[in-house]
Peer 1: 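One structure follows; several queries about it will come next.
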Amino acid sequence: MVRTPVTITTAVPKGFSFPATVNSHGWYDLPPFRSAEPYSELHALIPLPTRRTVDVRLTAGTVRLRIDIKQSGPLKKEEQDAIRSTVRSMLRLDEPLEEFYALCRREPHLRWVPKRGAGRILRAPTVFEDVVKMLFTTNCSWSLTRIQTTHLTRKLGTETAPGLFTFPHPSAIARMSDAWLRREISCGYRAPYLLALCRSIDSGRIDLEPLRSSEAPTEELYRTLRSIKGIGHYAAGNILKLLGRYDHLGIDSWVRSRFAEIHRNGRTVPDAAIERHYDRYGRWRGLVCLMEVTADWHA
DNA sequence: GCGTCCAGGTCTACC
DNA sequence: GGTAGACCTGGACGC
């Protein structure tokens with residue numbers, strides 16, 4: 001047994017960039033993640049197999065990542081291992097990107113990607129959390145995505161410290177009504193989609209968590225995601241990226257707009273033309289597209 | 001402060 | 001297979 005506070009570390013791959021990973025997309029801005037300064041630290045709540053949740057603060061060194069664990073009870077060795085494993089999964093530390101980086105080095109406009117250690121996309125501790133948050137990004141502004149996620153955690157999550165709430169378990173959401181979710185979470189017409197997903201998980205009809213380690217073909221995973229009501233072409237494409245599959249672009253209005261600025265002097269083009277543009281990057285096309293449209297975030 | 005309009009993906013009905 | 005319309009909310013804007 002180890003008494004808190006506890007600091008553990010874990011090795012990072014050569015060239016890894018903590019800020020480029022945390023800033024890879026907007027997840028760091030959605031609870032339970034917190035980050036006053038996303039370039040240097042990230043706070044997260046990590047659920048453990050023992051059904052406990054720990055509050056961690058992540059900061060990066062050049063060869064190791066520092067994990068400060070804030071919680072009150074004793075911490076077993078296997079719980080520390082679980083924390084380390086979840087953090088590695090969230091920051092994609094074990095994802096092999098050598099082939100992608102080699103591709104980037106052959107493209108002058110992508111040479112910055114391996115130089116700045118970009119290409120690892122932050123994900124939540126669970127696939128369920130990633131899917132619900134992606135559902136909350138559909139057909140709304142980022143401010144509404146933040147409102148929905150904040151309400152969901154505050155009203156159905158568990159308070160682990162004053163003002164600090166876990167992402168709720170599917171069963172906690174499954175117990176609520178459609179009308180309650182619309183009223184309290186502000187998720188509008190997405191409420192029945194969220195409810196159906198949570199009840200499917202709660203009843204055992206669907207299990208999202210194995211998708212991260214699945215060896216099934218990408219198109220099979222895509223079909224699985226599209227079978228979830230409310231997850232369309234855009235959301236499925238972006239969830240696939242969080243599963244380490246980059247065959248789909250996940251085009252939304254922002255990608256259309258950025259693509260037009262970067263490649264067409266501001267003139268918008270049909271999605272099919274955007275798809276064709278990235279075809280030559282093969283199974284990395286979705287990641288190349290993401291790097292291009294977010295390049296200025298990493299400048 | 002109030003009303004109106006718009007933007008944002010997905011689903012369903014219809015052709 | 002392609003398309004129109006409905007879904008719901010926050011924010012911008014005009015009054």
Side-chain angles (χ1 to χ4, degrees), chain A residues 25-31 121 123-124 127-156 168 170 173 176-201 205-206 208 211 218-243 245-262 264 266-279 285-286 289-290 292-294 297:
Chain A
H25 64 140
W27 258 209
Y28 74 83
D29 189 36
L30 300 177
I121 311 172
R123 60 188 179 189
V127 179
F128 170 68
E129 186 175 327
D130 279 336
V131 170
V132 171
K133 285 176 171 173
M134 200 63 75
L135 173 66
F136 284 172
T137 69
T138 58
N139 200 26
C140 66
S141 61
W142 185 253
S143 63
L144 182 54
T145 299
R146 200 190 288 121
I147 286 168
Q148 293 171 92
T149 310
T150 302
H151 286 173
L152 192 71
T153 52
R154 293 189 76 88
K155 296 186 178 181
L156 292 176
I173 303 171
M176 311 315 290
S177 69
D178 179 291
W180 189 91
L181 291 171
R182 286 174 189 261
R183 187 177 66 248
E184 301 294 329
I185 310 299
S186 306
C187 56
Y189 70 91
R190 300 168 199 81
Y193 303 152
L194 175 63
L195 208 46
L197 171 65
C198 293
R199 287 176 178 169
S200 292
I201 295 171
R205 284 198 298 277
I206 182 171
L208 296 174
L211 296 183
T218 300
E219 289 316 300
E220 191 178 319
L221 299 187
Y222 176 80
R223 283 194 297 275
T224 299
L225 293 170
R226 286 301 307 271
S227 72
I228 300 168
K229 281 278 175 62
I231 300 298
H233 188 55
Y234 146 82
N238 281 301
I239 294 168
L240 281 173
K241 291 178 192 168
L242 298 177
L243 297 176
R245 313 293 185 104
Y246 305 103
D247 311 62
H248 289 253
L249 301 185
I251 297 171
D252 62 2
S253 58
W254 184 74
V255 169
R256 285 183 201 104
S257 160
R258 289 288 295 136
F259 181 87
E261 287 173 29
I262 296 166
R264 297 290 191 274
R267 186 173 52 85
T268 54
V269 296
D271 286 0
I274 303 177
E275 299 274 0
R276 277 196 303 276
H277 176 90
Y278 290 103
D279 270 352
R285 62 177 82 94
C289 176
L290 181 68
E292 285 190 2
V293 300
T294 61
W297 299 359

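So that the names make sense, note that chain A is the first sequence line, chain B the second, and so on, each numbered from 1. Since the structure is predicted, the reported quantities are computational estimates derived from the model, not experimental observations.
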Peer 1: Just the endpoints, please: which first and last nucleotides of DNA chain C, 5' to 3', lie under 4.0 Å from a heavy atom of chain A?
Peer 2: C:dC7 to C:dG11
Peer 1: Out of A:V269, A:I251, A:L249, which one pairs with A:F259 under the side-chain contact (heavy atoms from CB on, under 4.5 Å) rule?
Peer 2: A:V269
Peer 1: A:H25 vs A:T294, test: side chain to side chain contact (heavy atoms under 4.5 Å, CB included). Steps then yes/no.
Peer 2: CA-CA 8 Å; A:H25 64 140; A:T294 61; over 6 Å; no
Peer 1: Could you walk me through whether A:D130 and A:I239 pass the side chain to side chain contact (heavy atoms under 4.5 Å, CB included) test, one step at a time?
Peer 2: CA-CA 7 Å; A:D130 279 336; A:I239 294 168; 5.5 Å; no
Peer 1: Please encode protein proximity along nucleotides 9-15 of chain B as a string of B, S and -, counting only heavy-atom distances under 4.0 Å.
Peer 2: BSSS---
Peer 1: Answer yes when A:R223 and A:E220 have at least one side-chain N-carboxylate O distance shorter than 4.0 Å, and no when they do not.
Peer 2: no
Peer 1: Taking all non-hydrogen atoms of both residues, which atom of A:T138 and which atom of A:A235 are closest, and how far apart?
Peer 2: CG2-CB, 4.1 Å
Peer 1: For A:S186 and A:R182, indicate whether the former's side chain and the latter's backbone hold a donor-acceptor pair under 3.5 Å.
Peer 2: no
Peer 1: If only atom types and distance count, is the side chain of A:K133 paired as donor or acceptor with the main-chain N or O of A:P31 below 3.5 Å?
Peer 2: yes
